[in-house]
Peer 1: 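Please read through the structure below; I'll follow up with questions.
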Amino acid sequence: MNTILEKQLVGDFDQALKEKQFCMYLQPQMTSEGKMLGAEALVRWQHPKRGLIFPGDFIEVFEKTGLIYRLDRFIWELAVQKLARWQQEGHSDLYISVNISTKDFYYMNVYETITALVEKYRIIPSTLKLEITETAIMTGTAGELDMIEQFREYGFQVEIDDFGSGYSSFNTLKDMDVDVLKIDMGFLRTSKPENLEKSMSILNMIISLSKTLGLSVVTEGVETKEQVVKLSQMGCGIYQGYYFSKPIPVEEFEKRYM
Ligand code: C2E
Ligand code: CA
Ligand code: CA
């Protein structure tokens, strides 16, 4: 049963999409030296009455009610438009990662939708990265595994998001080929300080495993310099987190990093 607030948000959806109240924020992905490589696109809702709303308050509701695919399609288009612009301006090396919800696979042909956008705006496919959670992959029944193969053949980079948070992380790696592991930020947030060392050992193991498998690793949720130092000793190459920057509006991102 949805709460009253959830019902209201669902009721506001059509108009919000039409009036472009949803916007794309970008959070940079950096090397340990602070070079910006690309960004993750994260949606925000500029609600006329409620102000800025974060995805934690609406993504799940839109997933439950089957609206999410329309929002995702809209955000993917904003990302592809931005990449097209960057590529026209000579920034062809920068990428944007977009989120794909498990539910998207049920309501639309994700492959056709994304390739159509790439063809419409003529972007380099490898500059669009696709973030899919391991849960989506392993519990999927809508041909997600085959689609991931197709995405990679087309030239997209596929990332496993929140790696290590599900129950089937290692099966996922065994059963499919991907390009990037995004390590779940849970490993950096232990409830008890005495567990930190264990967490660090697991991180170390995941990073060296991904090297063996030829994958790149992004660690999410880095908030301190110490974390960056430790993780780069372990061999992590790419970071996303408040230590470098929170997600910010596109104009601000361009001003700061480009
Ligand atoms: P996610 O894909 O795991 O995205 C990372 C989240 O971690 C973002 O939250 C980001 O702001 C936050 N984060 C990044 N660095 C740090 C840090 O150093 N410390 C802390 N505490 N948090 C950090 P956000 O933007 O609120 O998004 C939450 C979730 O909502 C995302 O998690 C993703 O699952 C979902 N989401 C966001 N945008 C979209 C979208 O366009 N489509 C879909 N389907 N889901 C989205
Ligand atoms: Ca993500
Ligand atoms: Ca994540």
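Each ligand, and each atom within it, is numbered from 1 in the order the structure gives. Here the structure is a predicted model, which means the values were calculated and not measured. Excluded from the calculations below are hydrogen atoms, water molecules and symmetry mates; all remaining heavy atoms, backbone and side chain alike, are included.
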Peer 1: Taking atom 34 (O) of ligand 1 as the reference point, report whether a protein heavy atom occurs under 4.0 Å from it.
Peer 2: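 No, there is none.
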Peer 1: Is there a protein heavy atom less than 4.0 Å away from atom 7 (O) of ligand 1?
Peer 2: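 True for atom 7 (O) of ligand 1.
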Peer 1: Regarding Gln27 and Tyr242, do their side chains bring together a donor and an acceptor under 3.5 Å, going by distance alone?
Peer 2: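 Result is no, nothing qualifies.
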Peer 1: To which protein heavy atom is atom 27 (O) of ligand 1 closest, and what is the distance rounded to 0.1 Å?
Peer 2: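 Nearest protein contact, heavy atoms only, for atom 27 (O) of ligand 1 is Pro55 CG, 3.4 Å.
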Peer 1: Give the residue, atom name and distance (to 0.1 Å) of the protein heavy atom nearest atom 32 (O) of ligand 1.
Peer 2: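 For atom 32 (O) of ligand 1, the nearest protein heavy atom comes out as Leu42 CD2, 4.9 Å.
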Peer 1: Heavy atoms, side chains only, cut-off 4.5 Å: are Met36 and Leu94 in contact?
Peer 2: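 In contact.
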Peer 1: With backbone taken as N, CA, C and O and side chain as the heavy atoms from C-beta onward, which portion of Arg189 lies under 4.0 Å from ligand 1: side chain, backbone, both, or neither?
Peer 2: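 Contact part for Arg189 vs ligand 1: side chain (C-beta onward).
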Peer 1: Look at atom 18 (O) of ligand 1 and say whether a protein heavy atom is found at less than 4.0 angstrom from it.
Peer 2: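 Answer yes: something from the protein, a heavy atom, is under 4.0 Å.
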Peer 1: Please verify whether a non-hydrogen atom of Gly221 lies at under 4.0 Å from ligand 1.
Peer 2: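 True for this residue.
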Peer 1: Please compare Glu220, Met185, Arg44 and report which has the shortest non-hydrogen distance to atom 4 (O) of ligand 1.
Peer 2: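 Checking each option, the heavy atom nearest atom 4 (O) of ligand 1 is found in Glu220.
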Peer 1: Of all the N, O or S atoms in Asp161, which has the shortest distance to the Ca ion (ligand 2)?
Peer 2: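 Checking each N, O and S atom of Asp161, the shortest distance to the Ca ion (ligand 2) belongs to OD2.
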Peer 1: Are Glu134 and Asn171 linked by a side-chain donor-acceptor pair shorter than 3.5 Å?
Peer 2: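 No, no side-chain donor-acceptor pair sits under 3.5 Å.
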Peer 1: For the Ca ion (ligand 2), give me the closest N/O/S atom belonging to Glu131, just the atom name.
Peer 2: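 Considering only N, O and S atoms, Glu131 comes nearest to the Ca ion (ligand 2) through OE1.
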Peer 1: Does Lys49 come within less than 4.0 Å of Asp12, counting only side-chain N to carboxylate O?
Peer 2: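 Not counted as a salt bridge, because no side-chain N and carboxylate O are separated by less than 4.0 Å.
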Peer 1: I need the contact type for Ile59 against ligand 1. Using non-hydrogen atoms and a strict under-4.0 Å cut-off, is it side chain, backbone, both or neither?
Peer 2: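 It is the side chain that gets close, since no backbone atom is under 4.0 Å.
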Peer 1: Same hydrophobic cluster for Met185 and Ile160, using side-chain heavy-atom links shorter than 4.5 Å among ILVMFWY?
Peer 2: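 The answer is no; the residues belong to distinct hydrophobic clusters.
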Peer 1: Using 30° and 60° as the class limits, which term best fits the ring planes of Phe170 and Phe163: parallel, tilted or perpendicular?
Peer 2: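 Perpendicular, since the angle between the ring planes exceeds 60°.
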Peer 1: Starting from atom 43 (C) of ligand 1, find the nearest protein heavy-atom neighbour and note its residue, name and distance.
Peer 2: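 For this ligand atom, the closest protein heavy atom is Asp72 OD1, 3.3 Å.
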Peer 1: I'd like to know if Lys129 pairs up with Glu40 as an ion pair, taking the criterion as any Lys NZ or Arg NE/NH1/NH2 lying under 4.0 Å from an Asp or Glu carboxylate oxygen.
Peer 2: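 Answer for the salt bridge query: no.
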Peer 1: One residue to check: Glu40. Relative to ligand 1, which of side chain, backbone, both or neither has a non-hydrogen atom less than 4.0 Å away?
Peer 2: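 Answer for Glu40: side chain.
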Peer 1: Does only the side chain of Asp104 get under 4.0 Å from ligand 1, or the backbone, or both, or neither? Count heavy atoms.
Peer 2: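 No part of Asp104 comes within reach of ligand 1.
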Peer 1: Please determine whether Asp162 has a backbone or side-chain N, O or S atom lying under 3.0 Å from the Ca ion (ligand 3).
Peer 2: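 A backbone or side-chain N, O or S atom of Asp162 is under 3.0 Å from the Ca ion (ligand 3).
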Peer 1: Looking only at the side chains, is there a donor atom on one of Tyr239 and Glu220 sitting less than 3.5 Å from an acceptor on the other?
Peer 2: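 There is no such pair between these side chains.
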Peer 1: Within 3.0 Å of the Ca ion (ligand 2), is there any N, O or S atom belonging to Asn99?
Peer 2: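 Yes, within the cut-off.
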Peer 1: I'd like to know if Glu252 pairs up with Arg256 as an ion pair, taking the criterion as any Lys NZ or Arg NE/NH1/NH2 lying under 4.0 Å from an Asp or Glu carboxylate oxygen.
Peer 2: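 Looking at Glu252 and Arg256, the cut-off is met.
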Peer 1: Looking only at N, O or S atoms in Glu40, which is nearest to the Ca ion (ligand 2)?
Peer 2: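 For Glu40, the N, O or S atom at the smallest distance from the Ca ion (ligand 2) is OE2.
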Peer 1: Output yes if Glu220 passes the N/O/S-under-3.0 Å test against the Ca ion (ligand 3); output no otherwise.
Peer 2: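 Yes, within the cut-off.
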Peer 1: In the structure I gave you, are the side-chain heavy atoms of Leu203 and Leu188 within less than 4.5 Å of one another anywhere?
Peer 2: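 Touching, per the 4.5 Å side-chain cut-off.
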Peer 1: So which bit of Val43 gets within less than 4.0 Å of ligand 1, heavy atoms only: side chain, backbone, both or neither?
Peer 2: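 The part of Val43 near ligand 1 is both the backbone and the side chain.
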Peer 1: Under 4.0 Å from ligand 1, counting heavy atoms only, is it the side chain of Leu71, its backbone, both or neither?
Peer 2: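 No part of Leu71 comes within reach of ligand 1.
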Peer 1: For Lys246, which part has a heavy atom under 4.0 Å from ligand 1: side chain, backbone, both, or neither?
Peer 2: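 Neither part.
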Peer 1: For atom 15 (N) of ligand 1, grab the closest protein heavy atom and report residue, atom and distance to one decimal in Å.
Peer 2: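 So the nearest neighbour among protein heavy atoms is Gln27 NE2, 3.1 Å.
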Peer 1: Can you tell me if Gln87 and Arg122 form a side-chain donor-acceptor pair at under 3.5 Å?
Peer 2: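 There is no such pair between these side chains.
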Peer 1: With Leu181, which of Leu209, Asp162, Ile206 fulfils side chain to side chain contact (heavy atoms under 4.5 Å, CB included)?
Peer 2: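 For Leu181, the side chain to side chain contact (heavy atoms under 4.5 Å, CB included) check succeeds only for Ile206.
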